[in-house]
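These notes concern the structure reproduced below.
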Protein chains: 2
Amino acid sequence: MQPSNETDPSDPRQECLALGHVIDRIGDKWTVMVVGHLSTNSLRFNALMRAIPGISHRMLTLTLRGLQRDGLVKRTVFPTVPPRVDYELTKLGQSLTEPLSILAGWASREKPSIESAQREYDAENAA
Amino acid sequence: MQPSNETDPSDPRQECLALGHVIDRIGDKWTVMVVGHLSTNSLRFNALMRAIPGISHRMLTLTLRGLQRDGLVKRTVFPTVPPRVDYELTKLGQSLTEPLSILAGWASREKPSIESAQREYDAENAA
DNA sequence: CAGAATCCATCAAGATACTG
DNA sequence: CAGTATCTTGATGGATTCTG
């Protein structure tokens with residue numbers, strides 16, 4: 001039924017182009033980890049730092065700012081001394097946790113297969 | 001039953017750390033797009049080039065090699081003249097399309113919300 | 001056609017030091 | 001505690017050229 005229109009939004013390929021765009025935002029390591037850790041409860045800045053091994057001060061800041069900008073994370077400042085800042089997922093952020101956990105499930109399920117494929121590939125390519 | 005072991009694999013936080021690792025491989029724009037386009041049928045190199053706007057020759061090569069190494073894509077060479085190479089998802093690769101399409105669904109559903117949040121954030125931060 | 005190889009600009013990210 | 005600012009480097013990715 002579709003005429004010769006190349007930009008059919010119901011085309012799964014178009015959808016995957018849209019995904020590519022969003023993946024660029026939320027698809028990096030740190031973003032995924034932050035969302036994962038905030039999915040259960042709100043956390044303070046340093047608590048996130050401790051929870052996510054290897055993340056630098058700077059990257060956590062930038063990641064949180066990005067998530068905040070996308071409306072996925074809410075930042076709450078308590079005017080105490082010393083200052084305290086809580087980060088929690090917004091409703092929109094919560095809605096992301098399900099797709100991500102599905103992906104996480106796939107990742108942990110298929111991790112062995114992937115790693116064995118890598119070893120095989122590397123072995124073939126080593127000689 | 002778990003002792004004071006901090007690396008409990010059933011902990012959702014541990015799972016999200018595993019995700020972070022895998023996301024680093026499959027979570028980039030081009031990889032997602034390639035998998036998306038291969039989800040319906042196998043494609044040749046240049047067909048993928050044309051299907052994915054903006055991808056460079058080099059990035060397509062590297063992306064495909066990575067997917068191949070992970071065992072997600074199978075490369076088939078036809079010894080014809082001119083040479084012809086088909087790329088198709090393996091079974092493992094097929095199994096990834098469902099989680100990805102769920103994520104893609106979320107992305108296209110929530111895209112308006114995200115963009116409006118961004119506009120709001122930028123407006124607040126512009127002044 | 002399907003790649004490999006080289007060159008190069010840019011940018012992302014870590015380390016470090018400073019502030020309210 | 002929760003950031004911001006600056007610096008420096010190393011990886012990334014694009015353009016281009018060459019080959020079987």
Side-chain angles (χ1 to χ4, degrees), chain A residues 17 20-21 23-34 37-38 41-70 73-89 121-122 124-127, chain B residues 17 20-21 23-34 37-38 41-70 73-89 121-122 124-127:
Chain A
L17 296 186
H21 201 241
I23 269 284
D24 243 13
R25 299 208 134 73
I26 61 150
D28 79 295
K29 196 180 168 186
W30 300 134
T31 298
V32 165
M33 285 193 179
V34 167
H37 281 276
L38 289 179
N41 41 30
S42 71
L43 287 171
R44 302 175 59 173
F45 188 89
N46 278 350
L48 275 168
M49 275 284 283
R50 271 176 257 115
I52 302 175
I55 195 170
S56 69
H57 201 140
R58 185 173 170 273
M59 285 316 296
L60 182 54
T61 302
L62 293 180
T63 301
L64 285 170
R65 224 203 294 298
L67 285 169
Q68 222 186 309
R69 191 175 104 96
D70 291 342
V73 159
K74 184 183 172 198
R75 179 175 182 267
T76 309
V77 182
F78 297 89
T80 58
V81 170
R84 167 189 176 152
V85 181
D86 269 29
Y87 291 94
E88 60 183 328
L89 292 183
Y121 182 95
D122 293 345
E124 286 175 8
N125 210 293
Chain B
L17 295 186
H21 200 242
I23 269 283
D24 242 15
R25 299 206 135 75
I26 62 152
D28 78 296
K29 196 180 166 185
W30 301 133
T31 298
V32 166
M33 285 192 179
V34 167
H37 281 276
L38 289 180
N41 40 31
S42 71
L43 287 171
R44 303 174 58 174
F45 188 88
N46 279 350
L48 275 169
M49 276 283 284
R50 272 176 255 112
I52 302 175
I55 196 170
S56 71
H57 200 139
R58 185 172 170 274
M59 284 319 294
L60 183 53
T61 301
L62 293 181
T63 301
L64 285 170
R65 222 202 295 297
L67 285 169
Q68 221 187 311
R69 192 175 104 96
D70 291 342
V73 159
K74 184 184 172 198
R75 179 174 181 267
T76 309
V77 182
F78 297 89
T80 58
V81 171
R84 164 185 177 156
V85 181
D86 269 29
Y87 291 95
E88 62 183 325
L89 291 184
Y121 182 95
D122 293 345
E124 286 174 9
N125 210 294

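In what follows, chains carry the letters A, B, and so on, assigned in the order in which the sequence lines appear, proteins first and then strands, with residues in each chain numbered from 1.
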### Task
On DNA chain C, check which nucleotide each of B/H57 and A/H57 is closest to and give me the residue with the more 5' one.
B/H57
### Message
Please determine whether a side-chain nitrogen or oxygen atom of A/Y87 lies at a distance below 4.0 Å from atom OP1 or OP2 of D/dC1.
### Response
no
First locate atom [atom1] of [X], then atom [atom2] of [Y], and finally report the distance between them rounded to the nearest 0.5 Å.
{"X": "A/D28", "Y": "B/D28", "atom1": "CG", "atom2": "CG", "answer": "11.0 Å"}
{"X": "A/L67", "Y": "A/R25", "atom1": "CG", "atom2": "CZ", "answer": "11.0 Å"}
{"X": "A/R58", "Y": "A/T63", "atom1": "CZ", "atom2": "OG1", "answer": "10.0 Å"}
{"X": "A/E124", "Y": "A/D122", "atom1": "CD", "atom2": "CG", "answer": "9.5 Å"}
{"X": "A/I23", "Y": "B/W30", "atom1": "CD1", "atom2": "CH2", "answer": "13.0 Å"}

Looking only at heavy atoms, which two atoms of [X] and [Y] are closest? And how far apart?
{"X": "A/M33", "Y": "B/L17", "value": "CE-O, 3.6 Å"}
{"X": "B/R84", "Y": "B/D86", "value": "NE-OD1, 3.2 Å"}
{"X": "A/Y87", "Y": "A/L38", "value": "O-CD2, 3.3 Å"}
{"X": "B/T76", "Y": "B/E88", "value": "OG1-OE2, 4.0 Å"}

### Task
For DNA chain C, find the residues of residues 42-51 of chain B with a heavy-atom distance under 4.0 Å and give them by number; none if there aren't any.
B/R44, B/F45, B/N46
### Query
Quick one, which residues of residues 74-82 of chain B touch DNA chain C with a heavy atom under 4.0 Å?
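Per residue number, the list reads B/R75, B/P82.
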### Outermost DNA chain C nucleotides near chain A [under 4.0 Å, heavy atoms]
C/dA13 to C/dG20
### Message
side chain to side chain contact (heavy atoms under 4.5 Å, CB included) for B/H37 and B/L48? Distances and angles first, verdict last.
### Response
CA-CA 8 Å; B/H37 281 276; B/L48 275 169; 4.1 Å; yes
### Message
A side-chain contact here means heavy atoms from C-beta on lying under 4.5 Å apart; do B/L62 and B/M59 qualify?
### Response
yes
### Task
For the residue pair A/D70 and B/Y121, establish whether any side-chain heavy-atom pair is separated by less than 4.5 Å.
no
### Query
Once you round it to whole Å, what is the distance between P of D/dG3 and CG of A/L64?
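In whole Å, D/dG3 P lies 8 Å from A/L64 CG.
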### Query
At what angle, to 10 degrees, do the two end axes of the helix from C/dC1-D/dG20 to C/dG20-D/dC1 meet, given five pairs define each axis?
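Taking the rotation axis at each end, their angle is 50°.
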### Query
side chain to side chain contact (heavy atoms under 4.5 Å, CB included) between B/M49 and B/N46: does it pass, once the steps are laid out?
CA-CA 5 Å; B/M49 276 283 284; B/N46 279 350; 4.2 Å; yes
Give every pair of a protein N or O atom and an N or O atom of nucleotides 11-14 of chain D that lie under 3.5 Å apart, one pair per line with the distance.
| from | atom 1 | to | atom 2 | distance (Å) |
| --- | --- | --- | --- | --- |
| D/dG13 | N7 | B/R58 | NH1 | 2.8 |
| D/dG13 | N7 | B/R58 | NH2 | 3.0 |
| D/dG14 | OP2 | B/S56 | OG | 3.1 |
| D/dG14 | O6 | B/R58 | NE | 3.4 |

### Task
With A/V34 as reference, evaluate A/L43, A/L60, A/L89, A/I26 under the side-chain contact (heavy atoms from CB on, under 4.5 Å) test and give the passing residue.
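It is A/L60; the other options fail the test.
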### Query
Can you name the residues that form a side-chain contact (heavy atoms from CB on, under 4.5 Å) with B/V77, not counting sequence neighbours?
B/R75, B/V85
